There are 2 protein chains.
Amino acid sequence: MHYVAVVDDFQLLAQAMSTLVNSFKNFQVCYSCNNGKEIIEKLDASLKHPDIILMDVNMPVLNGIQATKYIKDKYPNIKVIAISVENKIKDVLQMLEAGAKSYLLKDIEKSTLEIALTETINKGYYHTEHVSKILVDALHGQEKPMTALKEREMEFLNYACTDKTYKEIADKMFLSPKTIDGYRNTLFNKFNVKNRVGLVLYAIRNQLFNP
Amino acid sequence: MHYVAVVDDFQLLAQAMSTLVNSFKNFQVCYSCNNGKEIIEKLDASLKHPDIILMDVNMPVLNGIQATKYIKDKYPNIKVIAISVENKIKDVLQMLEAGAKSYLLKDIEKSTLEIALTETINKGYYHTEHVSKILVDALHGQEKPMTALKEREMEFLNYACTDKTYKEIADKMFLSPKTIDGYRNTLFNKFNVKNRVGLVLYAIRNQLFNP
DNA sequence: CTTTAAAAGAGGAAAAAACCTATTTAAGTA
DNA sequence: TACTTAAATAGGTTTTTTCCTCTTTTAAAG
């Protein structure tokens with residue numbers, strides 16, 4: 001019998017997922033928490049630890065990436081499986097880098113979860129096709145190392161993602177409208193877009209701006 | 001025994017939620033679907049209907065609001081309980097307006113779901129404190145209930161949320177650029193925005209467009 | 001068969017956005 | 001200090017967007 005901890009701020013999901021895991025033959029939930037801080041506190045307070053932690057990525061207080069880093073450092077034998085509703089490339093890479101053994105997406109099925117748990121116990125990891133693709137792309141697909149934006153460019157981008165005119169943005173940033181013109185063209189080139197709507201969408205899709 | 005249908009694009013949650021509902025004494029899941037279109041097709045195809053539908057709000061293909069409207073219209077006896085990870089005021093109001101009997105938030109607990117199901121069967125509705133507050137605020141604070149978009153307006157909106165120029169959109173929609181001009185002005189007024197970036201942001205923030 | 005309302009379309013004008021090609025300024029470095 | 005580079009800035013032009021007011025067409029209602 002292998003013991004599993006479930007960590008998810010979405011309580012309904014955490015509890016339901018526990019029920020699901022308990023229905024699997026060789027697995028049993030030992031505890032369920034609602035954020036990274038809680039699971040760490042539980043681990044630090046108890047002598048017997050779970051074999052696997054099903055860890056949500058986006059949580060308040062302490063998110064899955066931070067919690068996983070801490071856990072891998074202090075309890076390297078505990079295997080962490082990341083579970084997220086989002087499949088943002090950044091999240092996946094950060095989570096795996098932090099030490100997660102698997103990364104499951106929201107469109108997973110009941111049986112997949114059992115397979116993921118079993119494989120993680122047996123082979124030490126479980127990757128869906130989707131995640132494997134992200135990993136491969138990240139390794140030799142140096143296509144878009146996403147040129148880091150400078151402070152000022154970032155500031156402009158955030159204004160560009162509002163209904164302000166460039167003149168208004170210029171005022172806000174204490175720059176000439178012509179300089180704003182320059183920032184716009186720079187970002188158009190960096191992001192390979194051709195107008196402001198393209199810029200806004202790119203920013204949102206790459207988490208440079210939260211709508 | 002009351003029958004429940006679960007509709008959620010998050011399969012893991014849909015299946016887990018089904019397990020949870022099945023564990024309640026007087027409830028049993030009759031079917032589980034992954035978007036609004038699926039549930040409607042199942043209802044239309046079968047003679048025996050569920051008493052309650054647990055309906056996610058944000059789903060692809062056909063979202064919970066649209067599905068609920070259809071269901072309340074065609075099968076007024078089926079009670080819909082909305083479930084959402086988001087607690088956006090607009091979502092709540094639209095969902096209740098569409099005919100949902102309850103609106104549950106992501107921080108719900110196992111027992112709350114059972115209570116919500118029971119109350120909805122007995123009293124016809126179940127509101128958490130949080131949702132009640134939104135309702136009261138909405139009554140006092142004149143939140144305008146988002147005029148529904150027409151088919152063609154929706155189509156235009158989706159094109160407007162791309163980097164296409166209005167001329168290109170006109171070509172795509174087989175309309176004159178001047179008519180497109182009209183659609184734009186209509187939506188500017190409906191959404192109370194003043195330019196295309198505002199339109200795009202409004203669409204995204206209100207789930208009329210997925211970035 | 002009118003009356004009415006909504007959708008589609010048009011003309012013209014002003015504002016904003018987008019695209020060039022420059023020059024000036026500031027800052028870091030050999 | 002002189003050299004180099006990037007940020008800031010200008011001028012000028014074209015295209016697109018936005019905002020008016022107005023007519024035609026279509027569809028629904030009395």
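These numbers come from the heavy atoms of this one structure, side chains and all, not from hydrogens, waters or symmetry mates. Residue numbers begin at 1 in each chain, while the letters A, B, ... track the order of the sequences. Predicted, not measured: the structure shown is a model, and the values here were computed from it.
- At a threshold of 4.0 angstrom between heavy atoms, the contacts of R196(B) are confined to the sugar-phosphate backbone, with no base atom among them.
- Computed from coordinates, the R152(B) CZ to dT26(D) P distance equals 15 Å when rounded to whole Å.
- Considering only the side chain of D181(B), dT18(D) comes nearest among dT18(D), dG11(C), dT17(D).
- Atom pair K167(B):NZ and dT14(D):C1' shows a separation of 16 Å (rounding to whole Å applied).
- In the set dC19(D), dT9(D), dA8(C), dT9(D) carries the atom at the smallest distance from any side-chain atom of S176(A).
- Phosphate proximity of dA15(C) to Y166(A): absent, as no side-chain N or O sits under 4.0 Å from OP1 or OP2.
- Residues H49(B) and Y75(B) bring their aromatic ring centres within 6.0 Å.
- Proximity note for R184(A) (side chain, C-beta onward) versus dG9(C), dC19(D), dA18(C): the nearest is dA18(C).
- Y166(A) carries R196(A) over the face of its six-membered ring, with the cationic atom under 6.0 Å from the centre and within 45° of the normal.
- Atom CD1 of I180(B) is separated from atom P of dC19(D) by 16 Å (rounded to the nearest Å).
- Proximity of T165(B) to the phosphate of dT15(D): no side-chain N or O atom is located under 4.0 Å from OP1 or OP2.
- Summarising the geometry, the separation between CG on D163(B) and C1' on dA17(C) is reported as 14 Å, rounded to the nearest angstrom.
- A sub-4.0 Å separation between OP1 or OP2 of dT9(D) and a side-chain N or O of T179(A) is present.
- What you find for A67(A) and M55(A) is that their closest heavy atoms are CB-CE, 3.8 Å.
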